[in-house]
Each structure stands twice: as C-alpha cells, then as structure tokens.
Amino acid sequence: MNDKSHESFPPGFPQRRMRRMRRHEFLRRLTKESHLAVDDLIWPVFVCEGEGVRIAVPSMPGVTRFSIDVLVDEVSKAHALGIQAVALFPVTPSEKKTEDGAEALNPSNLMCRAVRRLRDACPDLGVIGDVALDPYTTHGQDGLVHDGYVVNDRSVTVLCAQAVLQAQAGCQVVAPSDMMDGRIGAIRRALDEAGYLDVAVLSYAAKYASAFYGPFRDAVGSTSSLGPSDKKTYQMQPENTEEALREADLDVQEGADMLLIKPGMPYLDVLHRVKKNTGLPTYAYQVSGEYAMLRAASDKGWLRWNEVLLESLMSFKRAGADGVLTYAAVEAARLLREAG
C-alpha cells in the first residue's frame, strides 16, 4: 500500500528514508552489520566427581554440574550442534581443598581426568583449561595467601605448573583467570620450556572485581570458602577503563594469543576499547550473574528467553567480540541452526 501523505509535506521531505531498508526481511538480512554464528560460542561447563551425576545449580536455572561420563555425552552432543570449544571448571570435593591448593598440581585431579576423557571422545573439540587456584583452596582465593594477602610471585610459580599440567592432559588452550601480575609471560615461558609451543594462552586480560560472579561461585563450591573476603587486591576496579587497556597491552607484550573481558554486558565499553586497541582475538564472558538474571526474568514471564538470549549475545559481537563464553551456548546453537 502506497502512502501518499508525503505530498502534504515540503519538497524533499525526507530525502533519506531510513525505514526503506527495513521494509523487507531480505533487506534487513542483507544490511546486518554484525553476525552471530554457532562458531562464535564457547560453552563453560562444570565437572564434578562421581558417575552418572547431574546436579542442578539452583542459582543458575538450566545449568548443571556433570560427572565426567555425563559431561562427555553432553559435550559430544554440543559438538554435534557445531560448538567448537568448551571451557572446563572443576568442582573440587571439599576434602581435597587445602590452603596451598595442592590438588591443582595432581596429574590425576578431576580437571585432568575430564580433559583426557573429552579429548579421547571428541578429538576435534577445543578444550580450554581454567588456570587459577580458587577451585582448590580452602580460602577460595585465586592464588596463595600469606598473612591474609594474596601473594603474587609465589602464586605465579604454582600457576605455571598448573598450566603445564593442563597442557599435558590435553588442553589446547590454557586460560589464566587469576589476574596476577606477570603470569602471562611466565606461563608462556613454562609452556615453551615444557615443549608445548602450540598450546595457546587465553588471558583474562580485564577481569573485574564484580558482583556478577555469585552464581558461579555457588556452582564450583567456592562461596563458603571465600566467606567475607573479596578479590579486590588483584581483580580490577569496576570504575576503571584506562587500566584495562594497560592490562591488555601488558598481556600482549607477554605473549597472550587471545584476550578475554569479564564480565560481559556491563563492560561492553571495555571490550570495544581493548579489541580496537590491541587487534588480538578478543572474547567476552557472559558471566553467571548475567545469565541468571536473564533466565530468572524469563522464567517469570517478564522477558522472552530465546529473544533476549540472542540479543544479548549479539551485543558482544557488535562491541567487537570475536566470540562469547556463555552458559546458554547449547540453547543458542540450536536457535541459530533453526534460524538457518
């Protein structure tokens, strides 16, 4: 239907009609500036001890801890949907947690066993190992603690050994999430000296001391360990962006292959600036709190889950992310495949 009401307006009104290119579906598809694909998705997964175990995470509806046998089955299904990589987080039994996180360096720990099984079952799957001590320590901190303070250099020494151990187990990517100074260069050297020149380092370049991590800490069982303590002496202040650029630049100089910004949506400005400034492959983590609030609002009927999920993931791509870690990766992959 033609709209001739424009004849009553002055000549030339309006010369540029922006809605013209929104009129038809094919035009909207042709003019998309950002694209979200299954290849952009990385699935963070929680592995626990036992056999045939599935434990729901109450604060993250739809997210489950899997024993290794179940994990292999679920990840194989996700891989068949097109998901190319998983980021693995262990739920270490409390009796194996110590002040020094020694279980992190056990070649038969839960993490290493899970990595080996995943690589055997899905040789083409990318397995990303989390390098930090919080799943293994009684205090819940990412490094070693001395006199109530998380010490840097001694922590880095342990993190290097942890990264090499994960590479030996089969991780093609190690992801230091601890935010200790100098750990990227030290881990790169340790991997190279151990012969793992092709194992990539995904640096949590800008990881903020955020209130959005609560459900994750429930999932890995570190909330009670951490207690009233926080991680503000090593994770970044939410007020800072210039500092994020300095952190990212240092990691690039030290040999990081990829960078990650965490959390995601509250820090899209940081993501955009880091990507533009470094040019390295840069990823966003849609963290547990982000996931939980979208899911909870959708479960209440206040939002439409499928739509807000894809829209939120697109926001990362629009800001410059090369990919996204999201607990909803499997659901997003199904939606994207259905959409063609």
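Salt bridge status for Asp142 with Lys207: present, with a side-chain N to carboxylate O gap under 4.0 Å. Ion pairing of Arg117 with Asp69 is absent here, as no side-chain N (NZ or NE/NH1/NH2) approaches a carboxylate O to less than 4.0 Å. The pair Asp120-Arg116 does not count as a salt bridge, with every side-chain nitrogen at least 4.0 angstrom from each carboxylate oxygen. Using a cut-off of 4.0 Å between Lys/Arg side-chain N and Asp/Glu carboxylate O, Glu242 and Arg273 are scored as salt-bridged.
For the residue pair Tyr327 / Tyr285, a side-chain donor-acceptor distance below 3.5 Å is found, with atom types taken as modelled. Looking at Thr282 and Asp322, their side chains never bring a donor and an acceptor atom within 3.5 Å of each other. Using modelled atom types and a 3.5 Å distance limit, the side chains of Ser312 and Glu290 yield no donor-acceptor pair. Arg113 and Ser108 form no side-chain donor-acceptor contact under 3.5 Å, judged by distance and modelled atom types alone.
Residues Cys171 and Ile128 share a closest heavy-atom pair of SG-C, 4.4 Å.
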Determine whether Phe66 and Phe46 satisfy the following criterion, ring-ring contact (aromatic ring centres under 6.0 Å, His included), listing intermediate values before the conclusion. CA-CA 6 Å; Phe66 303 121; Phe46 300 108; 9.2 Å; no
Would Tyr291 and Trp305 count as a ring-ring contact (aromatic ring centres under 6.0 Å, His included) here? Give the steps. CA-CA 11 Å; Tyr291 168 89; Trp305 170 248; 5.8 Å; yes
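Geometric assessment of Lys231 against the ring of Tyr208 yields a negative cation-pi assignment under the 6.0 Å and 45° thresholds.
Counting heavy atoms from C-beta outward, Val164 and Leu191 have side chains that approach closer than 4.5 Å.
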